[in-house]
There are 2 protein chains.
Amino acid sequence: MKKLFLNITISPDLYLKNPESSEVGKKIISKSIVLIDELGFEGFTFKKLAKEISSTESTIYRYFENKHILLLYLTCWYWSWVEYKLVFGMINISSPEERLKIALNILTKPITEDESFFHINEVLLHQIIVNESTKVIYTKEVDNENEKGYYTVYKQIVNRLSDLIKEINPDYKYPHMLVSSTIDGALHQKYFVDHFPSLIDNSQSKDCVSSFYNDLVLNAIK
Amino acid sequence: MKKLFLNITISPDLYLKNPESSEVGKKIISKSIVLIDELGFEGFTFKKLAKEISSTESTIYRYFENKHILLLYLTCWYWSWVEYKLVFGMINISSPEERLKIALNILTKPITEDESFFHINEVLLHQIIVNESTKVIYTKEVDNENEKGYYTVYKQIVNRLSDLIKEINPDYKYPHMLVSSTIDGALHQKYFVDHFPSLIDNSQSKDCVSSFYNDLVLNAIK
DNA sequence: GCAATATTGATAGTATTACTATTATATTTG
DNA sequence: CAAATATAATAGTAATACTATCAATATTGC
């Protein structure tokens with residue numbers, strides 16, 4: 001993955017001070033990814049993070065309102081990254097069927113490449129999205145945060161792929177639901193691979209989730 | 001729904017004292033459903049619940065180890081209830097295709113009947129499952145709790161319907177994943193209907209989630 | 001009916017979390 | 001070099017998630 005063209009920008013509403021603007025800020029991001037992965041979101045605190053980066057709670061609070069917003073920031077970063085991969089992956093491919101297959105692979109295959117984008121370890125970040133991202137939207141704040149546009153990137157991805165599906169089969173009735181249930185379902189099934197393998201068919205194959213969704217989506221729209 | 005034959009039993013590992021064995025216990029269950037729905041799981045505390053039922057925190061702690069286990073208890077109750085509805089609904093139906101359609105309706109249609117089973121309001125409980133149940137499994141305790149058998153009922157449902165799908169099409173390769181992604185996806189899409197309607201196709205129809213999954217599943221296995 | 005036992009209520013207390021506030025000390029910038 | 005800004009160090013608060021103690025109240029067993 002070429003990094004040169006990728007410049008991910010996150011809505012300034014999500015931080016009090018841009019973590020990209022300083023060394024402490026970047027440490028907050030990179031170490032929070034490691035710590036959330038390690039401790040789980042419930043076990044993760046700003047105090048522990050401060051200790052880990054040899055800083056203080058108050059400093060972290062100057063960047064992010066609270067840990068929920070920090071997780072939201074990471075989530076937005078992740079989806080922006082995914083969107084970039086989608087756009088980049090589908091560029092110059094004229095066949096919509098081919099583009100859909102590429103998109104499905106990006107969305108459902110395991111992330112293994114351990115090349116980190118600057119200070120962000122995408123493999124760990126993806127793991128966090130699998131394990132913790134439901135906690136971002138399943139709160140009493142959703143509607144509020146949705147209005148503020150915090151979920152725009154995610155919705156943009158769904159809409160983009162939904163359009164692609166309509167291009168392939170204009171008569172298919174549920175393009176949005178097919179896409180969002182594929183994106184979120186793939187994350188969910190990846191969690192099941194690790195924790196409920198008895199509910200995964202052919203769990204020994206590393207591409208089982210991907211195969212399932214490829215089959216499912218192509219059958220749905222044909 | 002006939003209540004006479006339904007006797008839901010929850011694994012005694014999930015409580016310290018059976019809430020069904022006393023009046024306070026039943027109040028804990030019924031009021032916790034109302035409060036969790038109202039405040040969200042994060043905002044819900046044993047202190048607030050104690051106040052609501054005119055009891056004390058210590059009394060509640062004598063029934064449940066903590067609020068996470070209480071939510072797990074409610075989740076188990078919910079899935080036992082769903083399993084009952086599935087068994088009851090499919091009884092005496094010889095055609096497996098017909099049985100599948102019935103199961104899909106039970107799993108994906110909205111729960112509207114407001115007739116509560118003794119002290120449990122199933123409509124509210126279903127709402128809690130939609131809004132909060134991911135928080136039950138997405139924790140660092142999953143594997144531990146899975147080993148203890150806390151998710152057995154859920155897995156039993158998946159296996160049961162997976163068998164049904166194999167009966168209809170023995171060549172279909174992903175029966176477990178199709179079933180679990182349908183069950184969990186339907187809950188997820190119901191959440192989207194309320195909070196991200198722009199991602200729902202034909203969201204004005206009350207059966208949009210159900211229609212989508214009927215179409216999806218039948219196309220997948222045919 | 002009364003003693004023994006179990007259950008609940010009332011109260012207090014602790015460690016941790018999720019913050020906010022204050023001030024001193026660096027660091028950057030103009 | 002002075003002024004502005006960012007950070008570190010420290011302290012403090014309210015709420016949460018419990019644990020402990022003991023008295024009051026039911027329940028049951030004889």
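Being a predicted model, the structure only gives us computed values, none of them experimental. Quick note on labels: first sequence line is chain A, next is B, and so on, each numbered from 1.
Between B:Asp207 and B:Lys109, some side-chain heavy-atom pair lies under the 4.5 Å cut-off. For the pair A:Ile106/A:Ile102, a side-chain contact is recorded, criterion being any heavy-atom separation below 4.5 Å from C-beta on. Two residues are said to be in side-chain contact when any heavy atoms from C-beta on lie closer than 4.5 Å; B:Ile28 and B:Lys17 fail this criterion. Inter-residue side-chain proximity for B:Ile36 and B:Glu132 is flagged as met; some heavy-atom pair is nearer than 4.5 Å.
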- prompt: Could you go step by step and tell me if A:Glu23 and A:Lys26 meet the salt bridge (Lys or Arg N to Asp or Glu O under 4.0 Å) rule?
  reply: CA-CA 5 Å; A:Glu23 282 313 305; A:Lys26 283 177 204 162; 3.8 Å; yes

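The distance from atom NZ of A:Lys27 to atom P of D:dA6 is 18 Å, rounded to the nearest whole Å. Atom P of nucleotide D:dA8 and atom CD1 of A:Ile28 are separated by 9 Å, given to the nearest angstrom. In this structure, the CZ atom of A:Phe41 is 8 Å from the P atom of C:dA18, given to the nearest Å. Distance CG (A:Leu49) to P (C:dT17): 13 Å, rounded to an integer number of Å. Whole-Å rounding puts the B:Lys51 NZ to C:dA10 C1' distance at 16 Å. In this structure, B:Lys47 atom NZ and C:dT16 atom P are separated by 18 Å, rounded to whole Å. In this structure, the CG atom of B:Asn66 is 9 Å from the P atom of D:dT19, given to the nearest Å. A straight line from CD1 of A:Ile60 to C1' of D:dA9 spans 14 Å, rounded to a whole angstrom.
Among the atoms of the strands shown, base atoms are found under 4.0 Å from some heavy atom of B:Tyr61.
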Can you give me the N/O atom pairs linking the protein to nucleotides 7-9 of chain C at distances under 3.5 Å, or say none if there are none?
unit_1: C:dT8; atom_1: OP1; unit_2: B:Tyr63; atom_2: OH; d: 2.8
unit_1: C:dT8; atom_1: OP2; unit_2: B:Tyr63; atom_2: OH; d: 3.1
unit_1: C:dG9; atom_1: OP2; unit_2: B:Ser55; atom_2: OG; d: 2.3
unit_1: C:dG9; atom_1: OP2; unit_2: B:Thr59; atom_2: OG1; d: 3.1
unit_1: C:dG9; atom_1: O6; unit_2: B:Arg62; atom_2: NH2; d: 3.0

With 3.5 Å as the limit, what N/O pairs link the protein to nucleotides 23-28 of chain D?
none

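Note on B:Lys135 versus B:Glu42: salt bridge recorded, some NZ/NE/NH1/NH2 to OD/OE distance being below 4.0 Å.
The minimum heavy-atom distance between B:Lys48 and B:Gly43, with the atom names listed, is NZ-O, 2.6 Å.
In this structure, a donor-acceptor pair under 3.5 Å is absent between the side chains of A:Tyr78 and A:Ser133.
Both the sub-6.0 Å distance and the 45° axial angle are not jointly satisfied by B:Lys155 relative to the ring of A:Phe196.
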